Amino acid sequence: MSIKSFLKYVEIQTKVASVIPFILGSVFAFYRYESFNILNCIIMFISLITFDMTTTAINNYIDFKKAYKKEGYGYEFHNAIVRDGIKEKTASAIIYILLSIAVIFGILLTIKTNVIVLLIGIISFAVGIFYTFGPLPISRMPLGEAFSGFFMGFIIMFLSIFIHIADKNLVSLTYINNILSLNINIKEVFFLFLLAIPEMGGIANIMLANNICDIEDDVLNKRFTLPYYIGKKSALKLFEIFYYIGFIDIIILVLLEIDPIWSLITLFAFIPVFKNIKIFKANPSKKDTFALAVKNFVIMNTLHILTIVLGLIFK
């Protein structure tokens, strides 16, 4: 298998959806908590990126195995197994290798921090694997947007902050005198949830846009996603609303002094994002307009990160 085929198989271009929350968390840890551990950061990045590639590879492998419709853009062009003639044994071997790397570095990160990372990691890995694997995959139900938005938009960002401040009692688990106690700084975790809202909405919209574009083929392949249940028109409206919530959240973050005042610059992203929303709604197509959902996510959240960096510089 060529490097090009491998990168297509793991859809390397979609990794921006996990890398951006990771970067946001890392920058925010430095901004709010004045703490940054470069070694933990590197270890988590390796585990994160290899596991993200694992879940994508599983998704493509399962789609290949379970496809009822054997022609069309999604099957013949988008799936690298078909397009590049990747052998099934090779495709499955890649999954096991990537998963092994992700697990090894996840365990190493736990050793460097504490058991909270292990617990959250186990749950995240389970959700990632069963997102497309098993008798009832999450991606084939109307829950894909919620799970992808929460785990990629919030959990990744939360962990990328936690690994720098594991000793600051943001979340801690203690066992003393046969009593197991979970302690959570509810206020601070809630603030972090607010911080993640633009990312959660953007990532959910990438999944939603994908499902809107594939709604007809998905039904033929026995895949009943959210647009199937609420209808294409309502799904497109929800797609638009998610972005508006994200922009309103930026204002709230600044008012609560979670974000620096510079973060209001992120509101200027509304101009290109709104333009892309209109284009996508007019012609939701996997080939022609799906990429706009990814572009919106990148534009809005990259600008958000840069404004926090400005807050760091002028703090």
Side-chain angles (χ1 to χ4, degrees), residues 8 10-24 52-53 55-56 59-60 63 72-74 77-79 131-132 138-154 156-157 196-218 223 225-250 266-305:
K8 179 65 178 176
V10 299
E11 296 181 22
I12 197 66
Q13 73 279 5
T14 66
K15 302 309 151 225
V16 67
S18 58
V19 171
I20 284 182
F22 171 78
I23 295 174
L24 174 62
D52 194 347
M53 289 192 288
T55 57
T56 303
N59 182 51
N60 282 328
D63 281 352
Y73 176 75
F77 178 80
H78 186 62
N79 196 311
Y131 189 80
T132 53
I138 297 169
S139 65
R140 292 177 179 265
M141 298 187 290
L143 301 172
E145 289 79 3
F147 273 85
S148 61
F150 179 75
F151 278 90
M152 296 185 73
F154 174 65
I156 290 177
M157 187 211 71
I197 283 177
E199 292 184 317
M200 289 192 290
I203 291 171
N205 264 347
I206 292 175
M207 175 58 63
L208 183 59
N210 179 71
N211 289 335
I212 290 171
C213 293
D214 288 346
I215 187 169
E216 289 83 9
D217 285 347
D218 280 348
R223 186 173 178 170
T225 58
L226 184 61
Y228 170 82
Y229 288 98
I230 67 175
K232 195 170 186 177
K233 185 176 179 181
S234 295
L236 287 169
K237 188 64 179 177
L238 184 62
F239 176 81
E240 187 174 8
I241 290 172
F242 276 152
Y243 289 119
Y244 297 156
I245 292 173
F247 284 111
I248 293 171
D249 180 69
I250 294 292
T266 308
L267 299 179
F268 284 103
F270 181 81
I271 298 171
V273 167
F274 182 69
K275 178 182 177 182
N276 290 338
I277 291 171
K278 290 177 65 178
I279 295 172
F280 180 78
K281 289 181 69 177
N283 177 36
S285 162
K286 192 68 167 288
K287 184 179 180 180
D288 301 319
T289 58
F290 166 71
L292 294 176
V294 180
K295 287 182 180 179
N296 280 353
F297 173 75
V298 173
I299 290 169
M300 186 175 179
N301 290 287
T302 300
L303 189 55
H304 186 199
I305 291 170

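Scope of the values below: all heavy atoms of this structure, side chains included, with no hydrogens, waters or symmetry mates. Just so it is clear, the structure is predicted and the values come from calculations on it, not from any experiment.
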| message | Under the criterion side chain to side chain contact (heavy atoms under 4.5 Å, CB included), I'd like the reasoning laid out for Lys15 against Thr56: C-alpha separation, chi angles, the key distance, then a yes or no. | response | CA-CA 9 Å; Lys15 302 309 151 225; Thr56 303; 2.6 Å; yes

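- Leu208 contributes atom CG, which lies 7.0 Å from atom CZ of Phe239 (distance to the nearest 0.5 angstrom).
- Between the CG atom in Leu292 and the CG atom in Asn296 there is a gap of 6.5 Å [rounded to 0.5 Å].
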Quick one: do Val273 and Phe247 satisfy side chain to side chain contact (heavy atoms under 4.5 Å, CB included)? Show the steps, please. CA-CA 10 Å; Val273 167; Phe247 284 111; 4.1 Å; yes

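- To the nearest 0.5 Å, atom CG of residue Asn205 and atom CE of residue Met200 are 12.5 Å apart.
- Interatomic distance, Thr289 OG1 to Lys295 NZ, rounded to the nearest 0.5 Å: 10.5 Å.
- At least one side-chain heavy atom of Met53 sits under 4.5 Å from a side-chain heavy atom of Ile12.
- Between Ala293 and Ala209 the shortest heavy-atom distance is CB-CB, 3.7 Å.
- Side chain of Asn301 to main chain of Phe297: a donor-acceptor pair is present (N/O by atom type, distance under 3.5 Å, no hydrogens or angles).
- Here the closest heavy-atom approach between residue Ala204 and residue Ser148 is recorded as CA-OG, 4.3 Å.
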Between Thr225 and Ile215, does the side chain to side chain contact (heavy atoms under 4.5 Å, CB included) criterion hold? Intermediate values first, please. CA-CA 8 Å; Thr225 58; Ile215 187 169; 5.5 Å; no

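- Looking at Ile279 and Lys275, their side chains come closer than 4.5 Å, going by heavy atoms from C-beta outward.
- Phe274 and Glu240 get closest at one heavy-atom pair: CE1-OE2, 4.2 Å.
- Rounding to the nearest 0.5 Å gives a distance of 11.5 Å between NZ of Lys278 and CG of Asn276.
- Proximity of Leu238 to Phe242: side-chain heavy atoms (C-beta onward) are separated by under 4.5 Å at one or more points.
- Side-chain atoms of Glu145 and Asn211 form a donor-acceptor pair, as typed in the model, at a separation below 3.5 Å.
- Side-chain contact between Tyr243 and Phe270: absent, with no pair of heavy atoms (C-beta onward) separated by less than 4.5 Å.
- For Ser234 (side chain) and Gly231 (main-chain N/O), no donor-acceptor pair under 3.5 Å exists by modelled atom type.
- Remark: side-chain polar atoms of Thr14 are paired, donor with acceptor, to backbone N or O of Glu11 under 3.5 angstrom.
- Under a 3.5 Å cut-off, the side chain of Lys281 and the backbone N or O of Lys237 do not form any donor-acceptor pair.
- Of all non-hydrogen atoms in Thr266 and Leu303, the two that sit nearest each other are CA-CD2, 3.6 Å.
- A heavy-atom distance below 4.5 Å is found between the side chains of Phe280 and Ile212.
- Residues Thr55 and Asn59 fail the side-chain proximity criterion, which asks for heavy atoms closer than 4.5 Å.
- Residues Pro284 and Lys232 are in side-chain contact: their nearest non-hydrogen atoms beyond the backbone lie under 4.5 Å apart.
- Under 3.5 Å, the side chains of Lys286 and Asn210 contain a donor-acceptor pair of N or O atoms.
- The shortest heavy-atom contact between Ala269 and Met300 is CB-CA, 4.1 Å.
- Atoms CE and OH, on Met141 and Tyr131 in that order, are 9.5 Å from each other to the nearest 0.5 Å.
- Side-chain atoms of Met152 and Asp52, non-hydrogen and from C-beta on, do get closer than 4.5 Å to each other.
- Smallest separation of non-hydrogen atoms from Ile156 and Pro21: CG2-CB, 3.9 Å.
- Remark: Tyr244 OH is packed, more than 12 non-hydrogen atoms of other residues, nucleotides or ligands lying under 6.0 Å away.
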